[in-house]
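To start, the structure under review is shown below, and the notes come after it.
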Amino acid sequence: VLVNIDKGCLMIVRGAVESVLELCGDVKKEDVEDIKKWSAEQGKKGRRTIAIASRACPVLKNYTEKEERDLQFIGVISFVDPIKDSTKSAIDHAEHLGVKIKIITGDSREVAGAVAHEVGIIKKPDEVLLGEDLEKMDEAEQIMAVEKYSVFARISPQQKYKIIELLQKKFEVGFLGEGINDAPALKLANVALVV
């Protein structure tokens, strides 16, 4: 976000803790580890975390990622994105009908695992595949992984597309999305739902 102040501008950046911390030069290495540890602990409780940083800059009408640098760390917040009471029964009903539910999210491993475990999609909160680990696999391993795993975390829009593409080699795939980053996956899916 760009906020005009006095004769300049304040750039405020928020996002994944590890991504924002990489853009901040004012945080000590030991503090970075403490912040990441705290964020992971919050994630295990099913809470999402967002880091916030800023920097003064000249007035800009818009900006690119190149301007997101030399930020001053402001802090980290955690919050609950509550699970609806009907979620578990809806998942049980879908599975009774032969529909396999998978979570494909940009959220952290900890949050994705905690939520999926709470609603009964996985037995243990650590049964989560990260996007970076999926990328390291060859296509045959990826095909096996997308069938084996039910929860995928820190997934980019391109990886969402790839997961659906791989699942479609064997299954009809429905995809429910809620953001612009879901558009490619929604377009590819056999059934696409936007909320």
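All values below were derived from every heavy atom in this structure, side-chain atoms included, with hydrogens, water molecules and symmetry-related copies excluded.
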Any residue meeting salt bridge (Lys or Arg N to Asp or Glu O under 4.0 Å) with Glu18, in chain and number order, not counting sequence neighbours
Arg154
Calculate, to the nearest 0.5 Å, the distance between atoms OG and CG belonging to Ser54 and Leu71 respectively.
7.5 Å
Nearest heavy-atom neighbours spanning Ala189 and Gly174
CB-C, 4.5 Å
Verify side chain to side chain contact (heavy atoms under 4.5 Å, CB included) between His117 and Ile121, making sure each step is shown before the conclusion.
CA-CA 6 Å; His117 180 255; Ile121 292 176; over 6 Å; no
Given side chains that start at C-beta, do those of Leu129 and Met137 come closer than 4.5 Å, heavy atoms only?
yes
Once rounded to the nearest 0.5 Å, what's the spacing between atom CG of Leu186 and atom CG of Leu193?
8.0 Å
Kindly write out the residues that satisfy side-chain contact (heavy atoms from CB on, under 4.5 Å) with Ala185, not counting sequence neighbours, or none if the list is empty.
Lys160, Ile164, Phe175
Sequence neighbours excluded, every pair satisfying salt bridge (charged side-chain N to carboxylate O under 4.0 Å, His left out) that has a member inside residues 82-93:
Lys88-Asp92
Residues 28-44 side chain polar contacts: donor-acceptor under 3.5 Å, at least two apart:
unit_1: Ser39; atom_1: OG; unit_2: Thr49; atom_2: OG1; d: 2.6
unit_1: Gln42; atom_1: OE1; unit_2: Arg47; atom_2: NH1; d: 3.1
unit_1: Gln42; atom_1: OE1; unit_2: Ser78; atom_2: OG; d: 3.0

I'd like to know if the side chain of Arg109 reaches the main chain of Val128, judged simply by a donor and an acceptor atom lying under 3.5 Å from each other, with no hydrogens or angles considered.
yes
Please tell me whether Ile74 and Val27 are part of a single hydrophobic cluster in this structure, the criterion being side-chain heavy atoms less than 4.5 Å apart.
no
Working to the nearest 0.5 angstrom, can you tell me the gap between Tyr149 OH and Leu130 CG?
9.5 Å
Asn190: partners by side-chain hydrogen bond (donor to acceptor under 3.5 Å, both in side chains), with sequence neighbours left out:
Gln168, Glu172
For residues Glu22 and Cys24, determine if any side-chain heavy atom of one lies less than 4.5 Å from a side-chain heavy atom of the other.
no
Using a 6.0 Å cut-off, check whether atom NZ of Lys187 has over 12 heavy atoms from anything other than its own residue.
no
Value rounded to 0.5 Å, distance of OG1 in Thr105 from CG in Asn181:
9.0 Å
Which atoms form the tightest heavy-atom contact between Gly113 and Ile122, and what is the distance?
O-CD1, 3.7 Å
Check: Gly131 main-chain N/O paired with Gln159 side-chain donor or acceptor under 3.5 Å
yes
Hydrophobic cluster membership, Val99 vs Ile103, 4.5 Å side-chain cutoff
yes
Linked, directly or transitively: Tyr161 and Ile163 (ILVMFWY side chains, under 4.5 Å)
yes
Count the heavy atoms belonging to other residues, nucleotides or ligands that lie under 6.0 Å from CD1 of Ile5, then report whether that count exceeds 12.
yes
Under the 3.5 angstrom rule, does the side chain of Asp182 hit a backbone N or O of Leu176 as a donor-acceptor pair?
no
Ignoring hydrogens, what is the shortest heavy-atom contact between Glu127 and Lys123? Give both atom names and the distance.
OE1-N, 3.3 Å
By salt bridge (Lys or Arg N to Asp or Glu O under 4.0 Å), which residues pair with Lys45, not counting sequence neighbours?
none
Any pair counted as salt bridge (charged side-chain N to carboxylate O under 4.0 Å, His left out), so long as it reaches residues 134-150, sequence neighbours left out:
Asp133-Lys136, Glu139-Lys169, Glu147-Lys170
Using the test salt bridge (Lys or Arg N to Asp or Glu O under 4.0 Å), find all partners of Lys124 that sit at least two apart in sequence or belong to another chain.
none
Starting from Val80 and following side-chain heavy-atom contacts under 4.5 Å between hydrophobic residues (I, L, V, M, F, W, Y), which residues can be reached?
none
Where do Asn4 and Cys9 come nearest, in terms of heavy atoms and distance?
OD1-SG, 4.1 Å
Glu132: which residues meet the side-chain hydrogen bond (donor to acceptor under 3.5 Å, both in side chains) condition with it, sequence neighbours left out?
none
Could you pull out the closest heavy-atom pair between Leu23 and Glu68, with the gap in Å?
CD2-O, 3.2 Å
Would you say that Met11 contacts Val1 through its side chain, given a criterion of any heavy-atom pair below 4.5 Å between the two side chains?
no
Asp81: salt bridge (Lys or Arg N to Asp or Glu O under 4.0 Å) partners, not counting sequence neighbours:
Arg48
Under 4.5 Å between side-chain heavy atoms, hopping through other hydrophobics if needed: is there a path connecting Ile104 to Phe171?
yes
Quick one: CG on Leu134 to OG on Ser156, what's the gap to the nearest 0.5 Å?
9.5 Å
Same cluster (ILVMFWY, side-chain, under 4.5 Å), Leu188 and Leu166:
yes
What distance separates Asp107 CG from Ile155 CD1, expressed to the nearest 0.5 Å?
11.0 Å
Sorted by chain and residue number, the side-chain contact (heavy atoms from CB on, under 4.5 Å) partners of Arg14 (sequence neighbours excluded) come out as Ile50, Ile52
Atom of Leu10, atom of Ala56 and distance for their closest heavy-atom approach
CD1-N, 4.1 Å
Stepwise side chain to side chain contact (heavy atoms under 4.5 Å, CB included) test for Ile83 and Glu118:
CA-CA 9 Å; Ile83 298 168; Glu118 186 175 340; 3.6 Å; yes
